[in-house]
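Before any comments, here is the structure.
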Amino acid sequence: MSADFESYEQDFAVLTADITGRIGKVPKLVGDEKKQMVANVEKQLEEARELLEQMELEVREIPPQSRGMYSNRMRSYKQEMGKLEADFKRSRIAYSDEVRNELLGDDGNSSENQRAHLLDNTERLERSSRRLEAGYQIAVETEQIGQEMLENLSHDREKIQRARERLRETDANLGKSSRILTGMLRR
């Protein structure tokens with residue numbers, strides 16, 4: 001099962017590298033070449049999504065003991081895919097702005113700067129949200145571990161108290177036995 005997953009991983013890596021290269025070229029191209037490149041990138045992004053789905057199916061079939069490592073890798077691939085889609089969206093926005101500017105004869109630098117600034121802020125917010133979510137998950141896991149430790153300590157305390165009680169009973173019985181034996185010796 002992991003061999004299929006690794007094969008999909010390799011395909012995904014090659015595909016994302018190609019997509020990244022093409023996304024970088026989109027703003028530099030003109031006219032039909034640019035339209036062709038945008039269509040190709042859209043097709044490749046769809047292929048990458050399908051590869052991610054196949055990888056997810058493979059992860060579900062992996063035994064639970066080793067599934068964690070693959071799940072972490074899947075999360076990073078999904079994040080990478082999200083970044084690629086965001087980059088592509090930015091390059092398309094630049095592309096659509098250029099087309100609009102060509103048609104209207106408008107340079108539109110201020111709106112482009114505002115849009116870029118807005119995209120940067122949105123990306124920062126998303127990163128902060130992911131960090132907060134990761135921190136929350138760690139806090140929840142820490143709380144669960146602490147709760148389990150408290151339960152274990154409580155059980156250990158009960159065991160120690162029962163053992164101490166048995167020791168007191170044994171001590172009392174030994175004292176009683178000692179008195180009886182002493183009485184028997186005197187007789």
Side-chain angles (χ1 to χ4, degrees), residues 1-20 23 44-90 116-187:
M1 280 181 258
S2 63
D4 289 338
F5 184 83
E6 289 171 7
S7 169
Y8 290 136
E9 272 184 316
Q10 290 173 352
D11 292 346
F12 184 77
V14 169
L15 191 58
T16 54
D18 191 33
I19 291 171
T20 303
I23 287 174
Q44 285 183 318
L45 283 171
E46 187 58 36
E47 287 177 34
R49 283 187 212 101
E50 289 174 10
L51 272 174
L52 279 177
E53 288 175 13
Q54 290 296 323
M55 288 164 52
E56 268 191 272
L57 291 174
E58 288 296 323
V59 167
R60 289 181 189 157
E61 293 178 11
I62 293 175
Q65 300 86 352
S66 56
R67 192 178 298 162
M69 175 182 68
Y70 290 102
S71 295
N72 289 337
R73 284 156 80 174
M74 280 302 301
R75 268 188 238 112
S76 69
Y77 293 141
K78 286 180 182 176
Q79 287 176 348
E80 184 177 348
M81 186 69 190
K83 185 180 178 302
L84 279 175
E85 289 173 341
D87 290 346
F88 180 58
K89 189 174 182 181
R90 270 192 226 114
H117 187 66
L118 182 62
L119 287 171
D120 287 342
N121 286 340
T122 303
E123 192 173 315
R124 276 192 213 126
L125 281 172
E126 289 173 355
R127 278 196 309 261
S128 297
S129 295
R130 286 193 298 267
R131 285 187 196 136
L132 283 172
E133 193 172 325
Y136 177 75
Q137 288 296 328
I138 290 171
V140 166
E141 290 172 5
T142 304
E143 183 179 356
Q144 289 173 347
I145 291 170
Q147 200 170 18
E148 290 173 14
M149 289 176 66
L150 284 174
E151 288 175 8
N152 288 341
L153 288 172
S154 175
H155 291 301
D156 290 348
R157 180 179 181 188
E158 290 173 9
K159 287 179 187 176
I160 290 171
Q161 286 177 338
R162 283 193 301 258
R164 188 178 288 159
E165 194 58 39
R166 279 191 236 125
L167 185 62
R168 285 186 187 140
E169 289 174 10
T170 305
D171 189 40
N173 288 338
L174 281 174
K176 204 184 256 185
S177 301
S178 178
R179 281 186 296 240
I180 290 172
L181 282 174
T182 304
M184 287 172 70
L185 284 174
R186 286 186 190 159
R187 287 186 197 158

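Residues: numbered from 1 along the sequence shown. Quick caveat: nothing in here was measured; it's all calculated off a predicted structure.
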Short side-chain donor-acceptor distance under 3.5 Å, Tyr70 and Glu58: no

Just how far is it from atom [atom1] of [X] to atom [atom2] of [Y], taken to the nearest 0.5 Å?
X	Y	atom1	atom2	result
Ser128	Glu133	OG	CD	12.5 Å
Leu52	Met74	CG	CE	5.0 Å
Glu6	Met55	CD	CE	10.5 Å
Arg73	Glu80	CZ	CD	13.0 Å
Lys89	Leu119	NZ	CG	7.5 Å

Distance-only criterion, 3.5 Å: show the donor-acceptor pairs between side-chain atoms of residues 155-184 and protein atoms not counting sequence neighbours.
| residue | atom | partner | partner atom | Å |
| --- | --- | --- | --- | --- |
| Thr170 | OG1 | Arg166 | O | 2.8 |
| Asn173 | ND2 | Glu169 | O | 3.4 |
| Ser177 | OG | Asn173 | O | 2.8 |
| Thr182 | OG1 | Ser178 | O | 2.7 |

Partner residues of Arg49 under the salt bridge (Lys or Arg N to Asp or Glu O under 4.0 Å) criterion, sequence neighbours left out: Glu46, Glu85

Over 12 foreign heavy atoms within 6.0 Å of CD, Gln137: yes

Under the side chain to side chain donor-acceptor pair (under 3.5 Å) test, residues paired with Arg127 that sit two or more places apart: Glu123

Pairing residues for Phe88 by the ring pair (Phe, Tyr, Trp, His ring centres under 6.0 Å) criterion, not counting sequence neighbours: none

Partner set under ring pair (Phe, Tyr, Trp, His ring centres under 6.0 Å) for Tyr8, not counting sequence neighbours: none

Side-chain heavy atoms of Val59 within contact of Glu56, under 4.5 Å: no

Side chains of Glu126 and Arg131 in contact at under 4.5 Å (non-hydrogen atoms): no

If you look at every heavy atom in [X] and [Y], which pair is closest and at what distance?
X	Y	answer
Leu15	Ala48	CD2-N, 3.4 Å
Leu45	Met81	O-CE, 3.3 Å
Thr16	Leu84	CG2-CD1, 3.5 Å

Please tabulate, for the side chains in residues 141-151, all donor-acceptor contacts under 3.5 angstrom to protein atoms that are two or more places apart in sequence or on a different chain.
| residue | atom | partner | partner atom | Å |
| --- | --- | --- | --- | --- |
| Thr142 | OG1 | Ile138 | O | 2.7 |

Ionic contact status for Lys83 with Asp87, cut-off 4.0 Å: yes

